[in-house]
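So the structure is just underneath, and the comments pick up after that.
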Amino acid sequence: MPERTYSHQELEAKWSARWAADPTIFAAEPNSSKPKYYVLEMLPYPSGTLHIGHIRNYTIGDALARFKWMRGFNVLHPMGWDAFGLPAENAAIKNNRHPHEWTNYNIAEMKRQHRRMGFSYDWSREISTCEPEYYKWNQWFFTRMWDKGLVYRKQALLNWCSECATVLANEQVVNGCCWRHETIPVEQKELTQWFIKITAYADELLQEIGNLEGGWPDRVLAMQRNWIGRSEGAEVDFTVAGSGENIRVFTTRVDTIFGATCVILAPEHDLVKQYVTGDNAVAVKAMIDARATQGLGEVEKVGIDTGLRAINPFSGEPVPVWVGNFVLSGYGTGAIMAVPAHDERDFEFCSKYEIPIVPVVRPAEGELTLPFTEYGISQNSGQWSGLATADARAQMAAHAKANGFGETAITFRIKDWGISRQRYWGTPIPMIHCATCGVVPVPDKDLPVILPKDAQLTGKGESPLARTPAFVNVDCPKCGAPSRRETDTMDTFVDSSWYFYRYCDNHNSEAPFSSEAIKYWFPIDQYIGGVEHAILHLIYSRFWTKMMRDLGLISNDEPATRLFTQGMVIKDGSKMSKNKGNVISADTMIDEFGADTGRLFELFAAPPERDLDWTDAGAEGAARFLGRVFRFVTRNIDRLNETGEPGEADRKVLRKLHQTIRKITEDFESRWHFNTSIAAFMELVNELYTHEAALAPATRREVLEKIVLLLAPFAPFICEEMWEEMGRPGPVFKQPWPSFDEALLQEDGADIVLQVNGKVRSRLLAPFGTSKGDLEKLALSDPKVQSMIGTATVVKVVVVPDRLVNIVVKA
RNA sequence: GCCGAAGUGGUGGAACUGGUAUACACAGCAGACUCAAAAUCUGCCGGGGUUCACUCCCCAUGUGGGUUCGACUCCCACCUUCGGCACCA
């Protein structure tokens, strides 16, 4: 067969058509005796366009899936669609098309692009979260959580984005702005909303981060720890003089309580509503409004003296009660004791309003400068004076508890997950409001609550479902009285919190999934996605897993043992975005360079966890390289029956081949630096070009077979083509991964570096295992070394066998 | 401010447990092939100095110290960039 030129168009079209025609080709085996491997990439929002950023994510997963197949695993590699959400609704309003139609069109488009890229998904397991057969189970879980007290309804000040015309979870607020509209400040709005009690799992979510160490990136775990924000301290009651009412404060430094010179309430605190009147009430209202639109950074501290006094339970002294704009209502008890001598914020506030500053901790050594926030020795603190901070803290918390005015307390930063959205395109919340029975969950037999097709979408204020009488009006399932259906829909992060379980049993109409299927496939062996989901999606998913475990549905505690967060794709120095106009779609990239080339370039240009600069020149290089491999293989297929004896060239080539097999295998098994895998493969091909003419037939045969296998996880189309061209039965990604031969990859001898005073001066080739003494002799007799030593005295000789000799001399 | 990651040629990056710094590519330069170009193949390619030349020497991994026979790698201090959290009591 003559040498063929590499043309990606026809070759890739041919193989993607063949793969599409065989629905089981990438399917996991039922009842397999092989070990299982579940590799998962985060499911995309169906925007309609796959771009080179998505491609990086999927290419990493695809290379891994193909490698695992070749290593003999039963691989589950599914894909689906995070299909609910605002963009569909907004696009629908703009184009006058139904969101479902718009979404399904986009899904079809993206699926076509996935196929062009050759990603090895088992499409029989596909899910789309906007279909009733999926979102029915969101509703089912919701009513299960209601039964367990994990769902509740509460009036609260909530984050409101005027652009989205809906509320946002705390996790969706970025720098005081909406995560989708980074320039629109989030407002505070009082609404009655549905919450999921994720805080019930705060402790476990934090504790078990320890179990994920090693498998999840440190920075993700650090971000989650930070987000959960556990803090240990104490709660103490200050009694309002004259009224007998208690103000409970939270503090991590109860040891400084003798230095508390005022109590400060958050403006939203209940006592403020009760006691603050007249002009002060107006000022408090202004404070709340100012805070609602408060943007980035620190804001000048402002306070209002309520005129009330509260009694410090430790000292018995009365202190003034203030309202402060820097005290958060949603954290701790919404009230603090201000200890200006030992807290920077309190110091700033009290200095401004001339409230006394009383030091009660001194440093163990050195001068006291205020504010002093370190640990030290208590002073002016009654019977606790003289104690070290840690001891004082413990003893004083115990004292508070013994005397009934406080206790040790743990506070979390994480808040319950507000999931109500006042929009149409989401899962209807399966609840009914009855005048006599109150809130009643929709019974299982009536699930799913179908999202009606005909709601009017305006993109304004209240949920579109509220203006759809056929949806709203319903009889109470308990008493039969005419009632009103809940019209809010669920946050789409509900959909993505458990979707990877549904892949295991995606058409189950009796249950969200069979526990048997989950037992086999879970946990996910490798989850791959962007670091932007480090807190939102990944905390919700961990929570959902624990919740399902406690419902008795599954037995794993965590969804995924390993998580990989790939870097972003950068074009022309910045992240791709529509605004910058630097987005490269999969279609454009494939037309111009080919799917294999795009995949190879993205794996080669940087280690996968780092950001990657897309350059056309670099991609052209990858295409050139694939052409080099293709020509080499096709022109050598004819030469397999030549005769000849192996010689020096064969030894060199086989050594390089086996070294390369080892290198790539190790990269897959450990750190995933595919850039170095591919570099090693390029070195091998360079070596093959050098020795091509001299190769014996047996070597040629081995080389041809193995280079195709080695390249297969990275560039599947071209490898399938070459495998077929070689007359081998496919598919190539189900062939056993090549193993390496230790004997063949050994070099002839050790290349010993000869150093004088740590600088390389010469080198020599010695047989492996040459003794230290012999190496030293050889080194000292080396002419170059001798001339460098000259007349100096040899002080010491360091010998590292098979590596180097370092001769230390002194003039 | 706190937490995390990273600083190596013109560029992307390599050096995995302290042991040949700059693998592999991109860009650039030169040569071969060609009437010519493209494609392809081959070679050169951190900075400075030295030699007719083979060669050889010095410097360089953000900065300054340290440990070591030996440091991109370990330790201390600092600078810069990126990411996360940010009045969390």
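Bear in mind that the values here come from a model prediction, so they are computed numbers and not experimental data. Below, chain A is the first sequence line, B the second, and so on; all start at residue 1.
Computed from coordinates, the A:D667 CG to B:C16 C1' distance equals 9 Å when rounded to whole Å. The distance between atom CD of A:E532 and atom P of B:G4, rounded to the nearest whole Å, is 22 Å. Atoms CG (A:D613) and P (B:A25) sit 19 Å apart, rounded to a whole Å. We find that CZ of A:F604 is positioned 10 Å from C1' of B:A14, with the value rounded to whole Å. Atom pair A:I209:CD1 and B:G84:P shows a separation of 18 Å (rounding to whole Å applied). Between the C1' atom of B:G19 and the CG atom of A:D751 lies a distance of 12 Å, rounded to the nearest Å. Distance A:E687 CD to B:C24 P: 11 Å, rounded to the nearest Å. In this structure, A:D343 places its CG atom 6 Å from C1' of B:A89, rounding to the nearest Å.
Counted within 6.0 Å of CD on A:E344, heavy atoms from surrounding residues, nucleotides or ligands total 12 or fewer; the atom is thus considered open. More than 12 heavy atoms of other shown residues, nucleotides or ligands fall within 6.0 angstrom of atom NZ in A:K352.
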* Asked: Where do A:N636 and A:E692 land on the side-chain hydrogen bond (donor to acceptor under 3.5 Å, both in side chains) test, with the steps shown first?
  -> CA-CA 9 Å; A:N636 276 287; A:E692 182 173 1; 2.9 Å; yes
* To do: Decide salt bridge (charged side-chain N to carboxylate O under 4.0 Å, His left out) for A:R761 and A:D782; before the verdict, give the C-alpha distance in whole Å, the side-chain angles of both, and the deciding distance to 0.1 Å.
  => CA-CA 10 Å; A:R761 296 303 178 184; A:D782 183 274; over 6 Å; no
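In terms of the side chain to side chain contact (heavy atoms under 4.5 Å, CB included) criterion, residue partners of A:E213 (sequence neighbours excluded) are, by chain and number, A:L221, A:R225. With sequence neighbours excluded, the residues that form a side chain to side chain contact (heavy atoms under 4.5 Å, CB included) with A:P356 are A:T261. Scored by the ring-ring contact (aromatic ring centres under 6.0 Å, His included) test, A:F405 finds A:F314, A:H399 as partners (sequence neighbours excluded). With sequence neighbours left out, the salt bridge (charged side-chain N to carboxylate O under 4.0 Å, His left out) criterion links A:K571 to no other residue. For A:A779, the side chain to side chain contact (heavy atoms under 4.5 Å, CB included) partners are A:L754, A:V805, A:I807, not counting sequence neighbours. For the salt bridge (charged side-chain N to carboxylate O under 4.0 Å, His left out) test, residues two or more places apart in sequence or in another chain that qualify with A:D343 are A:R345. Residues passing the side chain to side chain contact (heavy atoms under 4.5 Å, CB included) test with A:N246 are A:D237, A:T239, sequence neighbours excluded.
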With 3.5 Å as the limit, what N/O pairs link the protein to nucleotides 37-40 of chain B?
residue: B:U40; atom: O3'; partner: A:R631; partner atom: NH2; Å: 3.2

Between the protein and nucleotides 6-8 of chain B, which nitrogen or oxygen pairs are less than 3.5 angstrom apart?
none

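Comparing B:A27 with B:C79, their C1' atoms sit 31 Å apart, to the nearest whole Å. Going from the C1' atom of B:U80 to that of B:G62 covers 7 Å, rounded to whole Å. B:G19 and B:G70 have their P atoms separated by 14 Å, with the value rounded to a whole Å. The P atoms of B:C45 and B:A39 are separated by 23 Å, rounded to the nearest whole Å. Taking atom C1' on both nucleotides, B:A71 is separated from B:U17 by 14 Å, rounded to a whole Å. Nucleotides B:U63 and B:U8 are separated by 10 Å at their P atoms, to the nearest Å. Nucleotides B:U81 and B:C26, compared at atom P, are 33 Å apart to the nearest Å. Rounded to whole Å, the separation between the C1' atoms of B:G84 and B:C78 comes to 23 Å.
Using a 30° and 60° split on the angle between ring planes, A:F349 and A:Y353 fall in the tilted class, from 30° to 60°.
If you check every strand for non-hydrogen atoms under 4.0 Å, A:R761 touches sugar and phosphate atoms only. Using a 4.0 Å heavy-atom distance criterion, A:P607 is classed as a sugar-phosphate-only contact. Looking at heavy-atom distances under 4.0 Å, A:T252 makes contact with sugar-phosphate atoms alone, never a base. Within the nucleic acid shown, A:V760 comes within 4.0 Å of sugar-phosphate atoms alone, with no base atom in reach, counting heavy atoms only.
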* Structure fact -> Protein heavy-atom contacts under 4.0 Å, written 5' to 3' over nucleotides 64-69 of chain B as B (base), S (sugar-phosphate only) or - (none), form the string -----B
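Considering only the side chain of A:K301, B:C87 comes nearest among B:C85, B:A14, B:C87. Relative to the side chain of A:N675, the nucleotides B:A25, B:C58, B:G13 differ in distance, and B:G13 lies closest. The side chain of A:A679 has B:A23 as its nearest neighbour among B:A27, B:G19, B:A23. Distance from the side chain of A:T676 is smallest for B:A14 among the nucleotides B:A14, B:C58, B:U20. When distances are taken from the side chain of A:R413 to each of B:C85, B:G12, B:G4, the shortest belongs to B:C85. Nearest nucleotide to the side chain of A:A222, out of B:C85, B:C24, B:G4: B:G4.
A:E232 contributes no side-chain N or O that, together with a main-chain N or O of A:I410, makes up a donor-acceptor pair within less than 3.5 Å. When atom types are taken as modelled, the side chain of A:R253 and the backbone of A:T373 share a donor-acceptor pair closer than 3.5 angstrom.
In B:G9 the O4'-C1'-N dihedral to the base is within 90° of 0, which defines a syn nucleotide.
Of the side-chain N and O atoms in A:K656, none sit less than 4.0 angstrom from OP1 or OP2 of B:C24. Considering only side-chain N and O atoms, A:K784 lies under 4.0 angstrom from the phosphate OP1 or OP2 of B:C57. Considering only side-chain N and O atoms, A:N686 lies under 4.0 angstrom from the phosphate OP1 or OP2 of B:A25. Residue A:R671 places none of its side-chain N or O atoms closer than 4.0 Å to OP1 or OP2 of B:A14.
Consecutive pairing runs in RNA chain B reach the stem threshold at B:1-7 with B:79-85, B:10-12 with B:24-26, B:28-32 with B:40-44, B:46-49 with B:56-59, B:62-66 with B:74-78, where a stem means at least three Watson-Crick or G-U wobble pairs with distances under 3.5 Å.
A residue-by-residue look at A:G229 and A:V753 shows that A:V753 has its nearest nucleotide of RNA chain B further toward the 5' end. Comparing A:A335 and A:R803, the nucleotide of RNA chain B nearest to each residue sits closer to the 5' end for A:R803.
A cation-pi contact links A:R413 to A:W227, judged by a cut-off of 6.0 Å to the six-membered ring centre and 45° from its axis.
Ring pair A:F564/A:F674: centre-to-centre distance not below 6.0 Å.
Note on residues 618-628 of chain A: pairs passing side-chain hydrogen bond (donor to acceptor under 3.5 Å, both in side chains), not counting sequence neighbours, are A:R628-A:N686.
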